[in-house]
Trainee: 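What follows is a structure written as structure tokens; I'll ask about it next.
Note on naming: letters A, B, ... go to the chains in the order of the sequence lines (proteins, then strands), and numbering restarts at 1 for each one.
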Amino acid sequence: MPDQDRGQPRDAAERAQFHRVAQYASRPVGISFDGEPIVAMEGESLLAALLTARGSLRQHEFDGGRRAGFCLMGACQDCWVELADGRRLRACTTPVEDGMAVVSQVWPKDEVA
Amino acid sequence: MSTVVIVGAGPAGIRAACTLVEHGLRPIVIDEARLPGGQGYRRPSPALPLDMKRLMGSEYGKYDALHRAFDALRDRIDYRSSTLVWGIDGNTLYLISDGRPSTQTFDKLILATGAMDKVAPLAGVTLPGVFTLGGAQIALKDQGCLIGRRVAFVGSSPLLTLAAKQYRQMGADIALIADTTPLKDKIRELPALAKSPRTLMRGIAYHAHAWARGTPMLSGVNSIAIEGATHVEAIRVTDSSGRQRTIACDAVALGYGLKPETQLADLAGARFAYDALFNLWLPVTDADGRAADHLYLAGDGAAIGGADAAEASGALAAFAALTDLQIAVPAATMAGLRRTVSRLRAFQRGLAGAFAWPRDMIRQLPDDLTLCRCEDVSIGDVRAAMRREIAPVEINRVKAITRCGMGRCQGRICGPALQEIVADAARCTGAAAGRLRGQAPVKPIALAADSEP
């Protein structure tokens, strides 16, 4: 399954984890997740922008499983994501910015302990 | 003029700032969040039209009053949002804001750092879709999002039914509300809880709301497991009659009450004592919040008391700092605040019995469960390390050897459960197992930031 090796969702139609019940009245912001474009809204957290479009945020460094954050208040540090430009951000407390390119799987699968 | 720094802009920090401003000071208020309010009274982004009146329900008046108080204060304080205090050395705070480091000295320091959920290990806890109970509420208040469409609320907390009510009002299906504390233990605490009748009635109303809508509600559950291959698909519990139940859901909110955020208090020199009711090490303060020379603790970051206690204890800590700065304060007001704080914190102790940390259940959890989600350390890894020859029996040594509690969250998530696993393996009390020490930086910062600008 080459898709899985690139860290992309196993299922192209992977369901979103979050369900938005109030819509931002702000301008759209273009970000991407593993190369696939996602339209976010200004003011939205990076975590909310990703989880309203995808089921998880990243691959865990040690257990190799997918993670989607946990405490959502900047304490557990479970939602740190890496951008293609090398920046590392805590998704729950970081507002989205135009052009953020999140790479969800940084480690090749066979190198994960 | 003396420099008084307040860390945290929740109810305690805001009321502390109000009190200082009323007495002619211009405090510095440092807050990690982008917007004031803390966690419980979190304010959504101005661009997010969220019906906070509906969401906050009976607490909307207080929520609104606090935010109005802050707005009136805004120009009379030095407010630094999105700023993390990552270290404290003597009377110097080490800050980072938007990647830029700086320092700030203080004459008096008021820490109003708040609290977070207390959680315990369970099968499937790292699956995408499992969030803390507080996290589930923040997703809603901060971002206008539900953590799933069909959500299970589990743990032991009065906030399980409150969050479930908020979620239902916003359109979610509630799959289950499951509490580990047996019903008889809750009934036993009723006389103590009746001392704060308004809060007790609110709790009963939340239960009635769920009951009237046919939400499955269980108490005294055990053996909680979350099932799913790549995300949450179902929750399995054993109910109080021993029957196993599996209920489909796509998200889980998990919480066993709150624990104070005490890392900064630790770095600032507070003493700690083990509290056998909360099963936590809590900072020691006098009735007004004094914890050490020039150090004052307020709100849930000092002792869990809820938002009303946070407001009162914030004002009280500010009065204590003013007193120590030789500024005259109204003694009668302080006495009233002391009574309020003491009553509300005593109520929380009653709640801690009705919604108990499941100590025995945690000590008996199987080896294969993940204890430390940062470093992927299992309960069995900790037990195995402690069974070896010349094995560690103290929690900081166990941390050094197993890396449990050494990850990015610094033991915030695994700490309370690690305390139980260590105490059980060492056959000692939670207190004798030792206390996980706070370390700077209290949260991850870029290596490049750990230097003077």
Trainee: If I measure from the heavy atoms of chain B, does A:L47 come under 4.5 Å with its side chain, its backbone, both, or neither?
Mentor: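 The answer is neither part of A:L47.
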Trainee: Could you tell me the separation between the CE atom of B:M116 and the CG atom of A:L72, rounded to the nearest 0.5 Å?
Mentor: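 If we round to the nearest 0.5 Å, B:M116:CE and A:L72:CG are 10.5 Å apart.
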Trainee: Rounded at 0.5 Å granularity, tell me how far CZ in B:F131 sits from CG in A:D78.
Mentor: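 Separation between the atoms: 9.0 Å.
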Trainee: Please look at B:V442 and chain A and tell me whether the side chain, the backbone, both or neither of the residue comes under 4.5 angstrom of a heavy atom of that chain.
Mentor: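 It is neither, since no heavy atom gets under 4.5 Å.
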Trainee: From B:M170 CE over to A:H19 NE2, what is the distance, rounded to the nearest 0.5 angstrom?
Mentor: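 Going from CE on B:M170 over to NE2 on A:H19, the span is 9.5 Å.
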Trainee: Considering only heavy atoms and a distance below 4.5 Å, find which of B:A251, B:C414, B:P49 pairs most often with chain A.
Mentor: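 The candidate making the most pairs under 4.5 Å is B:P49.
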Trainee: Are the side chains of A:Q77 and B:P444 in touch, meaning some heavy atoms are under 4.5 Å apart?
Mentor: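 A:Q77 reaches B:P444 side chain to side chain.
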Trainee: Using non-hydrogen atoms only, which part of B:L133 is less than 4.5 Å away from chain A: side chain, backbone, both, or neither?
Mentor: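 Answer is neither: B:L133 stays 4.5 Å or more from chain A.
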Trainee: If we only count heavy atoms from C-beta on, is the A:Y24 to B:Q143 side-chain gap below 4.5 Å?
Mentor: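 Heavy-atom side-chain distance check passes, below 4.5 Å.
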Trainee: Report the option among B:I147, B:D250, B:D142, B:L254 that has the most heavy-atom pairs separated by less than 4.5 Å from atoms of chain A.
Mentor: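 Looking at each option in turn, the highest pair count goes to B:I147.
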Trainee: Considering only heavy atoms and a distance below 4.5 Å, find which of B:V130, B:T370, B:D51 pairs most often with chain A.
Mentor: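 The answer is B:V130.
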Trainee: Measure distances from B:L48 to the heavy atoms of chain A and classify the residue's part below 4.5 Å as side chain, backbone, both or neither.
Mentor: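 Contact with chain A involves both backbone and side-chain atoms of B:L48.
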Trainee: Take A:R15 and B:E233 through the salt bridge (charged side-chain N to carboxylate O under 4.0 Å, His left out) test and state the conclusion after the steps.
Mentor: CA-CA 12 Å; A:R15 91 211 198 303; B:E233 293 172 27; over 6 Å; no
Trainee: Do the charged groups of B:R373 and A:E61 touch, with an N to O distance under 4.0 Å?
Mentor: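 A:E61 and B:R373: not salt-bridged.
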Trainee: Using heavy-atom distances under 4.5 Å, tell me whether A:S45 contacts chain B through its side chain, its backbone, both, or neither.
Mentor: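 For A:S45, heavy atoms of backbone and side chain both lie under 4.5 Å from chain B.
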Trainee: Using a cut-off of under 4.5 Å on heavy-atom pairs, state which of B:R34, B:R149, B:R42 scores highest against chain A.
Mentor: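 Of the candidates given, the most pairs with chain A belong to B:R149.
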Trainee: Could you tell me whether the side chain of B:T126 reaches within less than 4.5 Å of the side chain of A:F70, counting heavy atoms only?
Mentor: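 No - every pair of side-chain heavy atoms lies 4.5 Å or more apart.
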Trainee: Please flag which part of B:I138 lies under 4.5 Å from any non-hydrogen atom of chain A: side chain, backbone, both or neither.
Mentor: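 The side chain, not the backbone.
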Trainee: Could you tell me whether the side chain of B:V377 reaches within less than 4.5 Å of the side chain of A:F62, counting heavy atoms only?
Mentor: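 No - every pair of side-chain heavy atoms lies 4.5 Å or more apart.
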Trainee: Heavy-atom pairs under 4.5 Å with chain A are the metric here; pick the option from B:G144, B:A172, B:S45, B:P46 that has the most.
Mentor: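 That would be B:G144.
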Trainee: Taking the side chain as C-beta and beyond, is there a heavy-atom pair between A:T52 and B:C145 under 4.5 Å?
Mentor: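 Side-chain contact under 4.5 Å: yes.
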Trainee: Please state whether the side chain, the backbone, both or neither of B:T132 comes within less than 4.5 Å of a heavy atom of chain A.
Mentor: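 Both backbone and side chain.
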Trainee: To the nearest 0.5 Å, how far apart are CZ in A:R66 and OG1 in B:T230?
Mentor: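 It comes to 9.5 Å.
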